[in-house]
Q: 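Dropping the structure in here first, questions after.
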Amino acid sequence: MNKKHATLFKILLALFALNSITLYLYFSSSHHHNDNRRDTTAEGFPAIIPHRGPHLSKPWPIIPSYLPWSLTSNVPSKSCEAYFGNGFTKSADVLPAKAAVRSGSSWFRCHYSGTLRSSICEGGKIRMDPGKIKMSRGGEKLEDVIGRTEDEEMPEFEDGAFEVEAEERGSRSKTKKLVGEEFLNEFLPVGNVMKHTMRELVRSIVVVGETDFTCQEWVEEPILLITRFEYANLFHTVTDWYSAYVSSRVTGLPNRPHLVFVDGHCETQLEETWKALFSSLRYAKNFSGPVCFRHAVLSPLGYETALFKGLSEDIDCQGASAHDLWQSPDDKKTARLSEFGEMIRDAFGFPVNRHHSDKAVSGHYNILFVRREDYLAHPRHRGKVESRLSNEQEVFDSLQKWASDHQECKVNLVNGLFAHMSMKEQVRAIQDASVIIGAHGAGLTHTVSATPNTVILEIISSFFRRPHFQLIAQWKGLEYHAINLDGSYANPGVVIDRLNKIMRSLGC
């Protein structure tokens with residue numbers, strides 16, 4: 001009996017192996033020989049897309065603070081999830097996807113957040129003509145474009161800079177705008193933004209018939225269209241990173257999207273993180289001619305994120321662990337910034353399960369002093385950074401002596417000269433720190449990537465009292481301390497006294 005069972009098992013195993021080989025040969029043959037594949041973006045939208053080789057999109061990582069981004073209509077207005085997560089509960093199908101499935105034409109819709117007063121728009125079968133976007137080429141070396149004005153770098157869109165295809169009815173269809181002013185005012189309000197480039201991009205979209213919609217180049221993978229303003233400033237760039245991340249999650253992209261910068265800015269050090277977070281990066285003007293996107297997502301401006309809006313309106317949210325929120329949802333708590341910080345750390349290959357207790361397991365504590373130093377930021381910059389702490393070097397030297405003389409435990413003072421460090425090195429220094437200290441400045445925005453239980457100590461000049469980093473710490477659930485100065489001079493003894501108290505609270 002056992003022998004019969006063994007024989008039957010061998011036969012089944014052989015059949016399974018044969019079936020597996022047959023399936024492998026079938027799909028391998030299909031992959032290599034089918035030069036026209038159907039685009040299945042957005043509910044089966046059918047369009048024939050020329051094959052451009054293997055998919056190169058990076059997968060989403062597995063991170064501890066991730067919570068589902070599924071859209072529900074009952075997200076309370078002004079709740080933490082509405083500010084930091086998926087509060088884009090009002091949708092408008094300008095060109096419905098169901099009609100696109102039937103006709104093979106384009107689709108377009110916008111998801112609006114009443115809390116943030118902005119929209120994430122997306123569409124399929126969208127054509128971009130870089131020749132109808134007035135701006136500099138973008139992506140140049142900084143030294144090659146010294147003196148270039150900001151106006152030259154910001155996009156101006158002609159009608160038809162972007163096109164979508166609609167089903168022709170009767171005689172040849174006339175070109176018309178995709179949306180009017182009423183739609184723009186409802187879904188893409190200007191708000192306090194002086195020049196709302198995403199609104200202008202959507203205004204430029206025209207609808208054409210099938211005979212007028214021609215494409216020589218297709219981008220098959222989902223892409224994000226992004227316009228940046230203060231692209232060389234870390235705080236404002238983090239708002240752009242976060243907006244791009246949220247847009248990707250809200251629209252349910254299966255992998256990390258590719259980026260197209262619809263601006264003419266030159267290269268900066270910050271592009272290292274853009275490239276690490278997403279699948280690839282290209283400037284709109286770097287395309288040789290018109291290009292069609294299988295699935296394009298329009299990322300809101302960084303000014304429209306909670307990170308920026310929190311500077312002018314009260315966003316009463318506290319950071320909490322994803323585990324706690326999964327067990328007990330709370331409209332006044334969020335884990336979204338922790339999720340995003342883990343996304344950044346994972347993008348550079350760093351572990352995402354570390355706490356400060358792990359760092360100090362050997363009795364060693366890293367105190368990261370984030371410095372402000374001169375560097376050339378953009379074509380209009382003089383290379384001089386405004387001092388926020390007039391005796392920064394004195395404070396650093398005093399802390400260095402304090403660290404070397406510390407008896408209770410081993411303290412290592414890290415000299416955070418971020419302007420001369422790669423972005424990966426900066427993120428590494430942040431994740432390894434038990435305490436982050438520094439004068440008010442954009443470098444402290446890196447606290448968004450800090451591990452749980454990291455302590456923040458901000459030295460604040462009376463000339464620069466704004467809540468940027470207190471809020472980030474609050475929204476991440478990090479312990480935050482501030483030394484408010486009368487002017488810009490800090491007494492080193494006061495700083496050391498505050499650090500001693502923090503170190504005792506850490507068990508040192």
Side-chain angles (χ1 to χ4, degrees), residues 56-58 61 130 133 135-146 148 150 152-155 197-198 219 221-248 255-287 296-303 305 307 340-341 343-350 373 375-381 383 385 416-430 441-443 445-446 448-449:
L56 299 175
S57 294
K58 299 176 185 176
I133 307 174
M135 61 185 179
S136 47
R137 180 174 176 80
E140 308 93 342
K141 298 295 184 184
L142 171 57
E143 55 269 23
D144 294 337
V145 292
I146 296 296
R148 185 166 67 188
E150 187 173 14
E152 291 178 84
E153 296 179 347
M154 297 308 298
T197 45
M198 276 302 160
V219 176
E221 302 284 344
I223 61 100
L224 288 185
L225 298 175
I226 295 170
T227 298
R228 304 161 298 156
F229 282 79
E230 299 177 60
Y231 65 103
N233 176 283
L234 180 62
F235 174 78
H236 290 285
T237 298
V238 168
T239 68
D240 288 330
W241 292 340
Y242 191 68
S243 181
Y245 178 69
V246 171
S247 299
S248 305
N255 294 295
R256 289 186 262 175
H258 301 261
L259 307 180
V260 174
F261 283 164
V262 189
D263 60 50
H265 301 310
C266 66
E267 280 187 347
T268 71
Q269 180 188 33
L270 299 172
E271 283 189 20
E272 182 185 349
T273 305
W274 279 111
K275 293 173 181 177
L277 280 172
F278 299 97
S279 289
S280 72
L281 167 60
R282 194 167 179 181
Y283 285 79
K285 281 287 191 180
N286 291 172
F287 288 96
V297 178
L298 282 59
S299 182
L301 305 179
Y303 295 134
T305 63
L307 286 165
F340 179 59
M343 179 73 197
I344 294 174
R345 299 210 312 274
D346 183 272
F348 284 115
F350 297 131
E373 54 182 332
Y375 72 104
L376 191 62
H378 55 76
R380 297 158 294 284
H381 195 240
V385 174
L417 296 170
F418 281 0
H420 293 86
M421 296 166 63
S422 70
M423 295 304 294
K424 183 173 183 176
E425 290 171 333
Q426 294 176 41
V427 174
R428 187 197 305 274
I430 290 291
T445 317
H446 271 306
V448 76
S449 302

Q: Does the Lys58 side chain pair with the main chain of Leu277, one donor and one acceptor, at a distance under 3.5 Å?
A: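 Judged by distance alone, no pair lies under 3.5 Å.
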Q: Measure the CG-OG1 distance between Leu225 and Thr197 for me, rounded to the nearest 0.5 Å.
A: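 Spacing of CG (Leu225) from OG1 (Thr197) equals 11.0 Å.
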Q: Give me the atom names and distance for the closest heavy-atom approach of Glu153 to Pro379.
A: OE2-CG, 3.6 Å
Q: Donor-acceptor check, side chain of Glu150 to backbone of Phe229, threshold 3.5 angstrom: yes or no?
A: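 Side chain of Glu150 to backbone of Phe229: no pair is present.
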Q: Taking the side chain as every heavy atom from C-beta outward, state whether Arg256 and Ser248 have any atom pair closer than 4.5 Å.
A: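 Answer no - side chains too far apart.
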Q: Is the NZ or CZ atom of Arg228 positioned over Phe261's six-membered ring, under 6.0 angstrom from the centre and within 45° of the axis?
A: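 Positive - Arg228 is close enough to the ring of Phe261 and near enough to its axis.
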Q: Under a 4.5 Å cut-off applied to non-hydrogen side-chain atoms, are Thr305 and Val246 in contact?
A: no
Q: Keeping Arg380 on the side-chain end and Arg148 on the backbone end, is there a donor-acceptor pair under 3.5 Å?
A: yes
Q: OG1/Thr239 to CG/Asn233 distance, rounded to the nearest 0.5 angstrom?
A: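 Going from OG1 on Thr239 over to CG on Asn233, the span is 8.5 Å.
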Q: Search all heavy atoms of Phe348 against all heavy atoms of Ala276 and return the closest pair with its distance.
A: CE2-CB, 3.7 Å
Q: I want to check something: taking the side chain as every heavy atom from C-beta on, are Glu271 and Leu281 in contact at a cut-off of under 4.5 Å?
A: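 Yes, close enough: below the 4.5 Å cut-off.
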Q: What heavy-atom pair brings Phe418 and Gly443 nearest, and what distance separates the two atoms?
A: CE2-O, 4.1 Å
Q: Specify the closest pair of heavy atoms between Pro257 and Phe278, including all atoms of both residues, with the distance to one decimal.
A: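 Taking every non-hydrogen atom into account, O-CB, 3.4 Å.
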Q: Would you please classify the geometry between the Tyr303 ring and the His236 ring as parallel, tilted or perpendicular, with 30° and 60° separating the classes?
A: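 Perpendicular.
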Q: If I take atom CG from residue Asp240 and atom OH from residue Tyr231, how far apart are they, to the nearest 0.5 angstrom?
A: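 Separation between the atoms: 12.5 Å.
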Q: Parallel, tilted or perpendicular: which describes the rings of Tyr245 and Phe340, with under 30° parallel and over 60° perpendicular?
A: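 Because their plane-to-plane angle lies in the 30° to 60° range, the rings of Tyr245 and Phe340 count as tilted.
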Q: Does Arg428 reach the side chain of Phe350, with side-chain heavy atoms less than 4.5 Å apart?
A: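 Yes; the side chains approach each other to less than 4.5 Å.
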Q: Does Asp263 use its side chain to pair, donor to acceptor, with the backbone of Thr227 at less than 3.5 Å?
A: no
Q: Looking only at atom types and distance, does a side-chain atom of Lys285 sit under 3.5 Å from a main-chain N or O of Ser136, one as donor and one as acceptor?
A: no
Q: For the CE atom of Met198 and the CG atom of Leu298, what is their distance to the nearest 0.5 Å?
A: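 CG of Leu298 is found 5.0 Å from CE of Met198.
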Q: Could you state the interatomic distance from OG (Ser449) to CD1 (Ile344), rounded to the nearest 0.5 Å?
A: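 If we round to the nearest 0.5 Å, Ser449:OG and Ile344:CD1 are 3.5 Å apart.
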Q: Verify side-chain contact (heavy atoms from CB on, under 4.5 Å) between Phe287 and Val260, making sure each step is shown before the conclusion.
A: CA-CA 10 Å; Phe287 288 96; Val260 174; 4.2 Å; yes
Q: Can you find a pair of side-chain heavy atoms, one from Val297 and one from Pro222, that are under 4.5 Å apart?
A: no
Q: For Glu272, is there an ion pair with Lys424 - N to carboxylate O distance below 4.0 angstrom?
A: no
Q: So how far is it from Ile223 CD1 to Arg282 CZ, rounded to the nearest 0.5 Å?
A: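 Going from CD1 on Ile223 over to CZ on Arg282, the span is 11.5 Å.
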Q: If every non-hydrogen atom of Pro300 is compared with every non-hydrogen atom of Ser243, which pair is closest and at what distance?
A: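 Nearest pair, atom of Pro300 first, then Ser243: O-OG, 2.7 Å.
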Q: So, does Ser57 use its side chain to make a donor-acceptor pair with the main chain of Ser279 at under 3.5 Å?
A: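 A pair under 3.5 Å: no.
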Q: Is the shortest side-chain heavy-atom distance between Glu221 and Ser280 below 4.5 Å?
A: no
Q: May I have the step-by-step check of side-chain contact (heavy atoms from CB on, under 4.5 Å) for Glu267 and Lys141, ending in yes or no?
A: CA-CA 6 Å; Glu267 280 187 347; Lys141 298 295 184 184; 3.2 Å; yes
Q: Using side-chain heavy atoms (C-beta onward) and a distance below 4.5 Å, is His265 in contact with Met154?
A: yes
Q: Looking at Leu234 and Met423, what are the two nearest heavy atoms and their distance?
A: CD1-CE, 4.2 Å
